Each structure stands twice: as structure tokens, then as C-alpha cells.
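First the structure, in the form of C-alpha cells, and then the observations on it.
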Amino acid sequence: MSKRVVVDPITRIEGHLRVEVEVDENNVITDAWSSSTLWRGIETIMKGRSPMDAGLLVQRICGVCTFSHYRAGIEAVENALDVKIPYNAELLRSLMQSSLYMHDHVVHFYHLHALDWVDVVSALSADPAAAAQEAMRWTDKPIAAGEGDLRAVQERVAKLVASGKLGPFANAYWGNGTYKLTPEQNLIAVSHYLKALEVQRVAAEMLAIFGGKQPHPQSLVVGGVTCVRDALSPARLQEWKQKHGEVADFINRAYLPDVLMAAAQFKTEGSVLKGVGVNSFLACQDFAIGRGQYLFEGGVIMKGDLAGVSEIDHTLIKEDVTHAWYKDGDAKHPYDGVTEPNYTGFTKRDTVYGELPTVDGDGKYTWVKSPRYDGEPVEVGPLACLLVNYAKGNSRVVQAVDGLLAATGLPIEALFTTLGRTAARLLQTTLVTEAALETFDALVDNILVDEETYVDPGMKDSEEYVGHSMVEAPRGMLSHWVRIKGGKVENYQAVVPTTWNSGPMDANGKKGPYELSLIGMKLEDPAKPLEIIRVIHSFDPCMACAVHVMDYKGTDLGQFQVG
Ligand code: NFE
């Protein structure tokens with residue numbers, strides 16, 4: 001007899017996500033539905049606005065990857081107007097992006113994902129002296145250095161548990177059999193979790209040096225950047241470099257060894273070795289490190305065919321709404337997207353926990369659309385970026401991936417798993433962290449001889465323009481699409497990483513990456529579905545980004561009263 005398990009909400013993400021699965025009598029997942037229950041409307045307010053304001057407005061799509069939407073909005077307009085920005089501006093944007101990654105990926109691994117791998121309660125029974133020895137197994141210079149520090153962390157956590165106010169550690173599935181770290185390893189990871197709270201502040205400051213503030217930086221404009229005199233003073237540049245060193249130190253001495261430790265302990269755990277699902281991947285070129293040079297190349301891998309990696313053809317991107325809460329229509333290219341809401345809700349059914357609202361398999365079940373590339377669902381994100389670059393023979397990526405496989409003893413197939421997705425995010429972080437120094441040096445060299453940071457975009461109200469941008473946001477490839485007429489935005493659309501990954505089934509019955517990554521996985525205890533959360537968190541969901549409602553025909557999407 002099959003039963004439904006509903007996880008609603010999935011916490012430790014941005015926004016509202018609900019995941020429902022069907023399990024058979026052996027607790028193996030036979031079907032899955034990913035639903036966003038959040039609805040937003042940022043693109044609607046773009047209509048009729050000045051394209052010069054697009055970046056500032058669309059960065060409000062999200063509170064996390066604000067810089068990514070900001071930049072994508074600015075660069076879509078620059079593409080439409082055929083503006084080539086100065087080299088300094090390109091390098092500064094790249095440095096801001098690297099800073100964002102160093103912040104976002106550290107926060108994701110420790111504060112949003114680690115507790116899927118780390119049993120905090122188990123850390124209470126660790127021997128701090130043995131834990132100090134254990135930390136030395138994974139790096140020569142552990143951040144969690146010394147018995148005294150680790151004992152202090154243990155006492156801090158014990159006090160928290162004794163107080164009964166568990167805060168971020170409440171309502172978890174502690175003791176679940178799929179936690180694989182030893183008590184000592186759990187203690188090391190908990191100490192890094194706490195340290196990461198401080199480090200992420202430093203990383204946020206890095207972006208603020210060039211962006212004015214973080215989140216929602218202010219220093220990009222169509223045509224270049226405005227962070228010039230103050231931000232480019234030797235003292236500010238030095239400040240960025242010093243903070244970079246501090247965060248890089250944590251990445252190399254905590255994040256990297258923690259992933260190696262997790263890989264070693266979890267490498268026989270079936271749920272993290274379950275295949276990724278769609279096996280098709282999409283990533284774009286990004287991270288300027290010099291003139292015409294980029295850290296990552298772009299491309300598409302379809303159905304696991306690494307040898308057949310190809311260039312992106314944007315005309316093959318379409319969005320389907322068959323199972324999303326919008327009025328039906330053919331899948332549309334983003335320049336021509338239509339979004340008319342049609343909320344149908346859920347039906348009730350017997351579940352593992354009693355009767356609950358559940359998905360009707362043939363119906364609509366989310367506010368997220370289904371983006372497709374050449375008719376296929378594809379995964380975007382750090383794993384996609386690394387696989388595309390590995391397939392293309394990008395030497396830095398090949399070296400990093402081969403190095404990780406050698407260090408962990410894992411076969412290449414392990415990349416195509418939840419563990420691989422989490423390890424890919426680490427490798428992307430280390431590659432970006434290292435390359436940011438090249439970008440920094442290129443900037444320092446260039447500003448000695450070239451002070452240009454802005455060009456007049458030269459928009460004419462009498463002309464019509466169409467353009468798009470593609471950037472790698474921390475959660476994957478992000479594209480913005482704009483039509484400009486009479487000096488105003490006529491139509492605006494964002495196709496967002498979490499939309500690619502969390503989208504529902506399409507008209508052809510093809511499920512999205514979240515859904516396929518769950519089907520076939522066995523749960524230890526359906527009433528404590530830790531494995532579902534671990535897999536979904538490995539994508540780093542952001543539903544605020546994923547759901548964006550646009551209606552350029554002027555239809556009322558709803559009426560709201562505030563206050
Ligand atoms: Ni709201 Fe985002 C990123 C974008 S999301 S965090 O990274 O674009 O999918």
C-alpha cells in the first residue's frame with residue numbers, strides 16, 4: 001500500500017517550498033511533487049519603468065542573490081542597447097560576484113545544509129581531545145584547533161540543550177540512522193557552524209566595499225559602475241584583500257576538510273548516493289579574470305552525455321505551465337512569456353500523518369513554471385557548472401574535480417549524486433576564491449593606466465530594443481529578458497535557477513530536477529524524512545527567486561489590502 005509523505009514547509013531555505021512524495025510498502029519513493037506555495041510579482045512593476053532602473057528594482061526579487069539579479073537586470077539592458085562596458089567595470093562586477101559566492105556558499109553549507117549531515121546532539125557525547133586529533137586527519141591546520149576550543153563549543157551547546165531553547169537546532173531528526181559522522185566529527189562540524197556565523201559577516205562586508213551595501217548593493221549602472229573614487233582607493237582595495245584572506249582561510253581550513261570528512265563517512269549511505277535525477281545540465285560563461293578570460297565556460301550536457309557538451313542556444317529555452325497555477329498555453333520562449341494565474345489548490349488524501357492536502361497527480365500544484373531546454377528538464381547550479389567545465393576540459397576544473405575524487409577515493413559517478421552536488425559547491429567556492437585574486441590583480445594593474453568605469457549607454461526613445469543576460473548566480477544560471485519601447489520597459493522576464501531546479505512536471509509528463517532526484521530513494525523512517533530534506537537542500541532552494549509573476553497585458557493578478 002502506498003502512502004504520501006508531505007514536508008511542508010521545507011525550512012532552512014529562502015521562501016516557501018513544500019515537497020510531497022509517495023512511498024511504497026518498503027519506504028521507497030515512487031513519485032514526488034515539488035510545490036512552491038509562495039507567490040510574488042516583481043516583474044509586473046517593471047512594465048513602463050525606465051530600463052535604467054531595471055537592475056535596482058529586479059534585485060528585490062530576492063534577499064539572498066540580490067547582486068545576481070541586479071547585475072542580470074543591468075546586463076540585459078546593456079545587451080539590448082549594445083553597450084560594451086569598460087574593463088574596470090567588468091572586473092569590479094566580477095569581484096563583487098566572487099564576494100557573493102564566498103558569502104552565499106559558506107552560509108549555505110553551514111547554516112542551511114550542514115544539519116542534514118551533522119547530528120548536533122551526538123556532538124554532546126564527543127571526547128574533545130579525540131576530536132582535536134580527528135580534526136588533524138582532514139587538514140594540517142584545522143580551524144577547530146585544540147581540545148580546549150572544542151570543549152568550550154561542547155559546553156556552549158550543552159547549555160543550549162539544557163535551557164530547552166534550542167533555537168536553530170529545534171525540531172530536527174536527531175538520531176536518524178542516516179547521520180554518519182562520529183560524535184567527534186559532529187563536534188568539529190558544530191564548532192565550524194558557529195565560526196561560520198562570524199565569517200559570513202566578513203564575506204558580506206567584502207561585497208559591500210564595492211557595492212555600497214550588502215544585501216542590495218547600489219553601485220552598478222547601465223554602462224558601468226559607480227564605485228570609483230572611494231572604493232578604488234588603495235586603503236579600500238587593501239581592506240577587500242584582507243577580508244578575502246580571512247574568508248579564504250576558513251574555506252580552506254574548515255569548509256574543504258569538512259566536505260572531505262563527510263564524503264568519507266557518507267560514501268556508503270544510499271540516500272546521498274542516489275542519482276541526481278535529470279542528468280542534463282546547463283551553465284553559462286562567467287567570472288571575468290582578465291581581458292576576454294573567464295573562470296568558467298558555459299554549455300549544455302544532455303542526458304549525461306559529457307562528450308556531447310554543446311554551446312547554449314537561447315532559442316531552445318521555453319517555459320511550460322501545464323502543472324503550474326497559471327492558465328494553460330504552449331511552452332513559450334521568455335521573450336514571449338505569458339503568465340495568467342489559475343490557482344486550483346490541493347485535494348485531501350490519507351498520508352503517513354493522517355489526512356492532509358495532497359497533490360492530484362494530473363493537476364496543477366505549484367507557482368513555479370517548468371523551464372525546459374530543447375524540451376528537456378535540466379539541472380543548473382554548481383554541479384552543472386563543474387560538469388560542463390569538466391566536459392569541456394577547463395584545466396582548473398579538471399584539476400579540482402580529479403583532486404577531490406583522488407582525495408576521497410570516490411569514482412566519477414559519485415559526482416552525479418547528492419554528495420556530488422554538495423561537493424561541487426565546495427569546489428566551485430575554492431575555485432572562485434582563488435580566481436578572485438587574479439581578478440583583483442588585473443583590476444589593480446589596470447587602474448594604474450585606465451580610469452574608465454562608465455560609458456553612456458545612449459538609449460534613444462525612438463528605437464525599440466530587445467536583449468537578455470545570462471549570469472551564474474550562486475544557485476545556477478540566471479537569465480533576464482527585456483523588451484524596451486519608447487524608452488520604457490515593455491516586457492520583462494527572469495528565468496531563475498531555482499525555477500529550473502524546482503519546477504513541476506511539464507506537458508510531456510517530464511518531471512523536474514527536485515522531483516527526479518527523490519524518486520527511487522529509500523527512507524529510513526517516513527515519519528522523519530531527513531533524506532528528503534538533505535537531497536532538496538543540496539540544491540540550495542530559493543523560492544523567492546523561483547516564483548516571479550509577470551503580466552504585461554495589464555490583467556489584474558489580484559487585489560491586496562495592506563493594514
Ligand atoms: Ni533567491 Fe537566486 C540565486 C537567483 S535563485 S537566490 O543564486 O537568481 O534560484
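Predicted model only: the values in this text are computed from it and were never measured. We count ligands from 1, going down the list as the structure has it; atoms in each ligand are counted the same way.
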Answer side chain, backbone, both or neither: which part of Leu478 comes under 4.0 Å from ligand 1, heavy atoms only.
side chain
Parallel, tilted or perpendicular: rings of Trp117 and His113 (30°, 60°)
perpendicular
Checking contacts here: is it the side chain or the backbone of Pro497 that comes within 4.0 Å of ligand 1, counting heavy atoms only? Could be both or neither.
both
When only distance counts, is Asp104 in polar contact with ligand 1, meaning an N/O pair under 3.5 Å?
no
Ser68 N/O under 3.5 Å from ligand 1 N/O:
no
Counting from 1 in the order shown, the ligand 1 atoms closer than 4.0 Å to a non-hydrogen atom of Thr498 are 5 (S), 9 (O)
Check whether any N, O or S atom of Cys65 sits under 2.8 Å from atom 1 (Ni) of ligand 1.
no
Should Asp328 and Lys364 count as an ion pair when the cut-off is N to O under 4.0 Å?
yes
Give the numbers and elements of all ligand 1 atoms closer than 4.0 Å to a heavy atom of Ala473.
3 (C), 4 (C), 7 (O), 8 (O)
Mind checking whether Pro474 has an N or O less than 3.5 Å away from an N or O of ligand 1?
yes
Based purely on interatomic distance, does Glu14 place a nitrogen or oxygen under 3.5 Å from a nitrogen or oxygen of ligand 1?
no
Does the pair Trp367 and Thr37 meet the rule for a side-chain hydrogen bond (donor to acceptor under 3.5 Å, both in side chains), with working shown?
CA-CA 6 Å; Trp367 287 110; Thr37 52; over 6 Å; no
Atom indices of ligand 1, in the order listed, that fall short of 4.0 Å to a heavy atom of Cys62:
1 (Ni), 6 (S)
Can you tell me how far CZ of Phe287 sits from OH of Tyr294, rounded to the nearest 0.5 angstrom?
12.5 Å
Is Cys542 close enough to atom 1 (Ni) of ligand 1 that one of its N, O or S atoms comes in under 2.8 Å?
yes
Which word best sums up how the rings of His468 and Trp481 line up, parallel for under 30°, tilted for 30 to 60°, or perpendicular for over 60°?
parallel
Could you label the plane-to-plane angle of the Phe210 and Trp240 rings as parallel, tilted or perpendicular, counting under 30° as parallel and over 60° as perpendicular?
tilted
Can you confirm whether or not the ring centre of Tyr373 sits under 6.0 Å from the ring centre of Trp500?
no
Considering the heavy atoms of Val496, write down every atom of ligand 1 situated less than 4.0 Å from one of them.
4 (C), 5 (S), 8 (O), 9 (O)
OG1-CG distance between Thr66 and Leu207, expressed to the nearest 0.5 angstrom
7.0 Å
